[in-house]
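To find a chain, count down the sequence lines: A is the first, B the second, and so on, and within it residues start at 1. Since the model is a prediction, treat every value here as computed from it, not as a measurement.
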Amino acid sequence: MTAFILARLMRAVAVLVFTVTLVFIVLRLTGDPAQQMLSDNAGPEALAAFNAKWGLDRSILEQYLYYVANVLRGDFGISFADGREVFTVVSERIPKTLIVTVSAFIVSILIGIPAGILAAMRRESAVDKGVMAAAVVGYSVPNFLLGLVFIFVFAVWLRVLPSSGSSTWSHAVLPIATFALFNAAAVARFMRSTLIDVLGQPYIAAARADGIPPWEIILRHALPNAAIPMVTTLGFVAGGLLGGSALIEPVFAWPGLGSGFVNATNTGDLPVVQAMIVLFTVFMVAINLTVDVLYAVLNPKIRKH
Amino acid sequence: MSKLLTVRDLVVEIPARNIKILDGISFSLEAGQTLGLVGESGCGKSMTCYAVANMLPRGIARTGGSVTFEPGGPGTGKPAVPKVAMIFQDPTSSLNPVHTIGYYLESALYRHQGLKGRDARMEAMRLLERVGIDRARSRLRAYPHQLSGGMNQRVMIAHALAARPQLLIADEPTTALDVTMQAQILHLLEELKAETGMSLMIVSHDLGVIARLADKAAVMYCGKIVETAPVAELLDRPAHPYALALIDCMPSIDPEDLEPPAAIPGSVPLLDSLPAGCHFHPRCSRASGECLARFPEPANIGFVHEASCYHPMVS
């Protein structure tokens with residue numbers, strides 16, 4: 001078990017190093033930040049001065065080593081756009097994004113898991129068909145569109161919730177709802193199909209033959225098995241929430257990492273883009289590591305070699 | 001001997017598709033007796049077991065006939081509703097992979113005998129030792145994937161015993177095991193039956209297994225019992241051509257016998273396109289016009305020996 005977790009940790013670090021390198025190289029090879037940041041009629045001297053100021057005139061290898069050395073000291077450079085420390089620019093956005101994504105994750109589990117269990121237990125019934133129809137709708141509508149619909153209904157039409165900004169808790173309701181409904185639909189669908197699959201296993205038939213009551217079969221025999229693939233799925237959902245923040249946050253002008261990332265990309269603010277990608281990678285690697293560890297905890301086949 | 005189970009005209013269907021899986025199955029079982037069900041795959045052996053154990057899969061229902069257990073009740077020293085336990089073909093996938101052997105046995109002992117804690121653990125260990133598993137104490141902490149198929153089948157049997165069943169249904173209990181393990185499991189079942197006095201219903205496509213364990217055998221084909229007889233009688237004097245064909249399929253280990261086992265021509269028809277009359281007629285060398293017209297009623301061939309055939313092979 002310890003060896004397993006240690007191996008996964010090593011792998012996580014390797015993934016991180018690889019991503020940082022890849023992102024660095026790809027970003028340097030695609031587009032010239034000087035041309036993006038400066039106005040179109042900037043002269044060659046201005047461009048050269050910009051490149052010299054930010055060290056962009058040196059070789060990629062040199063820039064890379066310089067960058068890695070600084071990152072290891074916690075220095076992610078200075079934002080091209082407003083001259084502030086990238087570390088500050090990015091870290092003040094982290095809590096905003098976590099509020100939305102973590103709440104949405106919890107809500108989608110609270111809705112999706114019971115709905116999926118209910119649908120699987122009452123398969124082919126009206127309950128099942130209702131839940132699955134709702135899930136298909138929730139899953140098929142693009143989430144930024146759902147966000148616009150919510151803004152129209154709750155902010156423009158009913159005027160009960162603010163449409164943009166982040167100053168109060170009520171501002172968080174619509175982004176969370178948009179995210180949560182979309183993902184609750186996905187979770188419900190996976191939960192249903194996973195549980196149906198488990199309920200078809202011979203050990204469930206054997207448990208029924210032994211006269212174990214249905215609720216105990218679900219709780220003690222089916223769900224512990226269904227939890228194993230569900231953890232993987234929930235890992236994807238968590239990753240999707242982070243990635244999706246780039247789509248959802250701009251819709252609600254929510255000042256999190258997602259809208260920050262979109263801004264930085266549009267303005268060619270290379271140090272910010274780079275730091276955010278590294279941060280997203282850290283999140284993803286952490287999620288995957290959690291999934292791996294939970295997987296081992298839940299699955300005796302991995303736990304006991 | 002007292003009667004334990006009577007099955008009369010049992011019909012089991014997939015109602016949604018109007019397909020009969022079992023069509024008028026009748027048999028009875030005495031206390032302490034062993035009934036063997038033989039036949040090719042898909043002829044309804046397992047479904048008969050599920051119907052008797054009242055655990056038909058979803059979408060499949062009993063639509064006719066009756067399954068009656070003789071009531072015990074006060075004065076007989078037996079519980080009012082006889083207990084039925086079942087063991088399955090593939091023991092490893094019939095055990096829940098996330099639970100330990102200990103959890104599996106102890107929860108069954110609590111459910112069936114009200115045993116808890118230390119009592120349950122001691123009894124679980126005793127059961128494991130009884131079914132021939134050594135180092136029982138440490139096995140209680142093992143998961144099914146850490147044990148072999150044969151060991152898991154022993155665990156299944158121990159689990160079945162925890163219910164103190166009057167009837168143990170064994171659905172192809174040795175099919176997934178290698179030959180030496182097969183012999184050990186059959187021996188164990190024989191011993192346990194003698195010890196507890198329970199009845200046994202054993203399903204197998206292997207006549208050797210049936211011959212070893214069963215007192216009487218029922219040969220099934222396409223959802224019907226086509227012949228019932230004491231096992232020795234069935235092997236010596238099969239009346240139904242299908243029963244004879246099954247016996248001829250058994251490979252011989254006699255070095256003098258150089259003839260290859262005879263295969264039955266054709267294959268079991270699908271349940272939604274059964275041939276009219278006797279379902280076996282397209283594969284039968286003795287079929288006549290009669291056989292195409294109507295399914296033959298079971299007729300007495302000898303003492304407790306019945307066959308559904310217009311042309312039984314008994315002089």
**Q.** Pairs of heavy atoms under 4.5 Å with chain A: top-ranked of B:A53, B:P97, B:A163
**A.** B:P97
Q) Under a 4.5 Å cut-off applied to non-hydrogen side-chain atoms, are A:R220 and B:Y103 in contact? A) yes
Q.
Taking atom CZ as the centre, does A:F4 end up with more than 12 heavy-atom neighbours from other residues, nucleotides or ligands that are less than 6.0 angstrom away?
A. yes
Q. Taking all atoms of both residues into account, what is the closest heavy-atom pair of A:L298 and B:V98, and its distance?
A. O-CG1, 4.2 Å
Q.
For chain A, which candidate among B:M86, B:R111, B:M55 shows the most heavy-atom pairs at distances under 4.5 Å?
A. B:R111
Q: Determine the option with the most heavy-atom pairs under 4.5 angstrom with chain B, choosing from A:A207, A:A227, A:A206.
A: A:A206
Q: Select one option (side chain, backbone, both, neither) describing which atoms of A:I228 are under 4.5 Å from chain B's heavy atoms.
A: side chain
Q.
More than 12 heavy atoms of other residues, nucleotides or ligands under 6.0 Å from CG of B:D178: yes or no?
A. yes
**Q.** A:F280 CZ: over 12 foreign heavy atoms closer than 6.0 Å
**A.** yes
